[in-house]
Novice: 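There's a structure below that I have some questions on.
Small disclaimer: the values here were computed from a predicted structure and weren't measured. Note that ligands are numbered from 1 as they come in the structure, with each ligand's atoms numbered from 1 the same way.
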Amino acid sequence: MRLSKYFLPLIKENPSEAQIVSHRLMLRAGMIRQQAAGIYSWLPLGLRVLRNIEAIVNDELQKVGCVPVLMPTLQPTDLWKESGRYDALGKEMLRFKDRAERELLYSPTNEEMIVDIFRGYVKSYKSLPLNLYQIQWKFRDEVRPRFGVMRGREFLMKDAYSFHADVGDATREYYKMYDAYHRIFARMGLTAIAVSADSGAIGGSLSHEFQVLADTGESQIYYDAAFDDIRSGKVIMSGEEMRALYAAADEQHKPGSCPIPKERLREARGIEVGHVFYLGQKYSQAMGVTVAGPDGVNITPEMGCYGIGVSRLAGAIIEASHDDSGIIWPESVTPFDLGLINLRSGDAKCDALCESIYEKLTSYGKEVLYDDTDERAGGKFAGMDLIGLPWQIVVGPKGAEKNMVELKNRKTGQKQELSVEAVLEHLLGTCC
Ligand code: 5CA
């Protein structure tokens, strides 16, 4: 992508409305634009990140057998009267009427609708287990939307819903999703702590929130100090070993009955990036769902549901990975693999060298953001640091004479003078 043809509206000054670093950097890096309180447009750079996060979520979920669907954002309210939740969500739920005076709502979550789909088709235990998921926009009229995409009113959620013939199978699925969540967040460079939590308006008997530690997080959590060793990479544990460690959300933590000694207990702020729920028969019972069981007797399916804050993750990753100059993207979600800076656009040698590097890397499938504009060098460096691509190749007139360029690692700041061939080899892992 050539910057001269792209849409990357960078902002130099710190936006006064942004209270936390990820919100500030997302606005400054031209990733998002606020359209109303808690409602954002995703600009091209932000959209690339969102799509990369979605790709990791899709990949890991499909590996464990989840099946993608897509439900509408609008629902008739009748289903919610059936489940008994019509009143439970109160003003958080946005309701309106269509031209025929039928009441609709903008989905804040989709348990009712998935149950409606399920009961329309599934008649036997032989079709179970079944785990359907979508990545779809939600709306919750939050009292205090804040921190940019962290607590939006409209936000992108991955929501999965599973159906089972018995408690044992539903429990197995719950922990399968729990382990998949750790893999999903780890691929984004995040270590999430799964804390036992309150299931709130979603309901059910068991739930865990996945929390990424950050001082700006909205949740207060308590956990075993062993998680700090896991986070720093000192200790590696399986999902099962991690499950045995103490971790609790604020409302679940009872100091009087905490099972671990004080010296081992840590207290911190966290960003909730995911939440899994063991629902039991709450929705299947309320909505009258049964399937034929193995011995011909009808059974009411057990359910689980599993959410991930896809748009919130973009902010959470930035909270976890930035410095004073801007964002530092992990390779797995970066909007482009690298930035190519032409320090003297219009200079024949610089242009030719940049073009050949751009062509080569692109032909090998690398996503390159080529700064071919005629802005001054300082502005180009600052802009590239701000948007945080993992690598930068800088091409200037002096080096171009000798076929030499500079390769900068955004995270370490390390710069190397290298021949074009050496840079390509470095980035492509192959000799050209
Ligand atoms: N039906 C279940 C999951 S299938 C559900 O709605 N769970 S939830 O309420 O916990 O939301 C799932 C995830 O969405 C949360 O863990 C959080 O990461 C994200 N989320 C919730 N509210 C917001 C919000 N206002 N802005 C951004 N992300 C949010």
Side-chain angles (χ1 to χ4, degrees), residues 20 22-23 26 32 34 36-40 42 50 53-54 57 61 66 68-69 71 73 75 80 83 85 88-89 91-94 106-115 131-163 173-174 177-178 180-181 184-185 188 190 192-204 206-212 214 217-219 221 249 251 270-279 282-283 303-317 319:
I20 63 171
S22 58
H23 188 195
M26 288 180 85
I32 53 167
Q34 183 174 316
I39 300 178
Y40 292 86
W42 287 77
L50 204 58
I53 294 172
E54 286 180 41
V57 172
L61 291 185
C66 300
V69 292
M71 291 176 266
T73 51
Q75 310 184 21
W80 289 65
S83 72
R85 277 209 298 185
L89 273 87
K91 286 201 161 172
E92 240 184 54
M93 192 155 85
L94 181 64
Y106 195 118
S107 305
T109 175
N110 283 56
E111 283 78 6
E112 284 78 359
M113 187 168 275
I114 203 82
V115 167
N131 191 332
L132 299 172
Y133 82 97
Q134 65 170 353
I135 296 179
Q136 177 63 296
W137 293 93
K138 303 287 184 293
F139 191 91
R140 292 182 186 172
D141 208 347
E142 301 270 354
V143 188
R144 279 217 295 163
R146 57 179 187 158
F147 299 162
V149 299
M150 289 285 196
R151 180 163 298 279
R153 290 197 296 163
E154 189 185 40
F155 59 97
L156 190 59
M157 190 201 287
K158 184 285 292 178
D159 41 330
Y161 307 87
S162 69
F163 298 85
E173 185 80 5
Y174 182 90
M177 294 299 278
Y178 181 110
Y181 273 32
I184 287 171
F185 301 130
M188 298 172 192
L190 301 172
I193 300 180
V195 303
S196 63
D198 184 42
S199 57
I202 306 292
L206 171 68
S207 98
H208 284 91
E209 291 167 358
F210 285 73
Q211 297 278 355
V212 173
E218 293 188 279
S219 316
I221 63 166
E251 68 281 355
I271 301 167
E272 182 199 318
V273 288
H275 200 158
V276 295
F277 301 82
Y278 188 101
L279 296 173
K282 173 175 170 173
Y283 296 91
M303 285 180 65
C305 79
Y306 320 88
I308 287 182
V310 173
S311 49
R312 177 178 285 184
L313 271 166
I317 293 167
E319 288 293 325

Novice: Would you call the rings of Tyr178 and Tyr174 parallel, tilted or perpendicular if under 30° counts as parallel and over 60° as perpendicular?
Specialist: tilted

Novice: Hey, are the side chains of Gln75 and Asn110 touching, using non-hydrogen atoms and a 4.5 Å cut-off?
Specialist: yes

Novice: Starting from atom 9 (O) of ligand 1, locate the nearest protein heavy atom and write down its residue, its atom name and how far away it is, to 0.1 Å.
Specialist: Arg140 NH1, 2.9 Å

Novice: Is the shortest side-chain heavy-atom distance between Arg140 and Met157 below 4.5 Å?
Specialist: yes

Novice: Closest heavy-atom contact between Arg85 and Glu111?
Specialist: NH2-OE1, 2.8 Å

Novice: Counting from 1, what ligand 1 atoms have a heavy atom of Cys305 closer than 4.0 Å?
Specialist: 1 (N), 2 (C), 3 (C), 4 (S)

Novice: Just wondering, do Asn131 and Leu61 contact through their side chains at under 4.5 Å, heavy atoms?
Specialist: no

Novice: With heavy-atom distances below 4.0 Å as the criterion, list the atoms of ligand 1 near Gly307.
Specialist: 3 (C), 4 (S), 12 (C)

Novice: Could you find the nearest protein heavy atom to atom 11 (O) of ligand 1 and give me its residue, atom name and distance?
Specialist: Met157 CE, 3.5 Å

Novice: Can you list the atoms of ligand 1 that are under 4.0 Å from a heavy atom of His275?
Specialist: 10 (O), 16 (O)

Novice: Do Ser162 and Glu173 have side-chain atoms, one donor and one acceptor, less than 3.5 Å apart?
Specialist: no

Novice: Under 4.0 angstrom from ligand 1, any heavy atom of Met150?
Specialist: yes

Novice: Taking side-chain hydrogen bond (donor to acceptor under 3.5 Å, both in side chains) as the criterion, tell me which of Glu272, Glu209, Gln211 meets it with Ser219.
Specialist: Gln211

Novice: Number the atoms of ligand 1 from 1 as they appear, then name those within less than 4.0 Å of a heavy atom of Val149, with their elements.
Specialist: 27 (C)

Novice: How far is atom 5 (C) of ligand 1 from its nearest protein heavy atom, and which residue and atom is that?
Specialist: Ile202 CD1, 3.6 Å

Novice: Can you pull out the closest protein heavy atom to atom 26 (N) of ligand 1? Residue, atom name and distance to 0.1 Å, please.
Specialist: Gly152 N, 3.1 Å

Novice: Quick one: which of Phe277, Phe147, Tyr161, Phe155 has a heavy atom closest to atom 20 (N) of ligand 1?
Specialist: Phe155

Novice: Which of the atoms in ligand 1, numbered in the order shown and given with their element, are less than 4.0 Å from a heavy-atom of Thr109?
Specialist: 1 (N), 2 (C), 6 (O)

Novice: Please tell me if the side chains of Lys158 and Tyr306 come closer than 4.5 Å, counting only heavy atoms from C-beta onward.
Specialist: yes

Novice: Any atom of ligand 1 sitting under 4.0 Å from a heavy atom of Gly274?
Specialist: yes

Novice: Please state which protein non-hydrogen atom is closest to atom 19 (C) of ligand 1 and give its distance, to 0.1 Å?
Specialist: Gly309 CA, 3.6 Å

Novice: Any idea which atoms of ligand 1 are less than 4.0 Å away from a heavy-atom of Asp159?
Specialist: 4 (S)

Novice: Nearest heavy atom to atom 2 (C) of ligand 1: which of Glu272, Glu111, Glu142 does it belong to?
Specialist: Glu111

Novice: Any non-hydrogen side-chain atom of Tyr40 less than 4.5 Å from a side-chain atom of Met26?
Specialist: no

Novice: Hey, are the side chains of Glu154 and Ser311 touching, using non-hydrogen atoms and a 4.5 Å cut-off?
Specialist: no

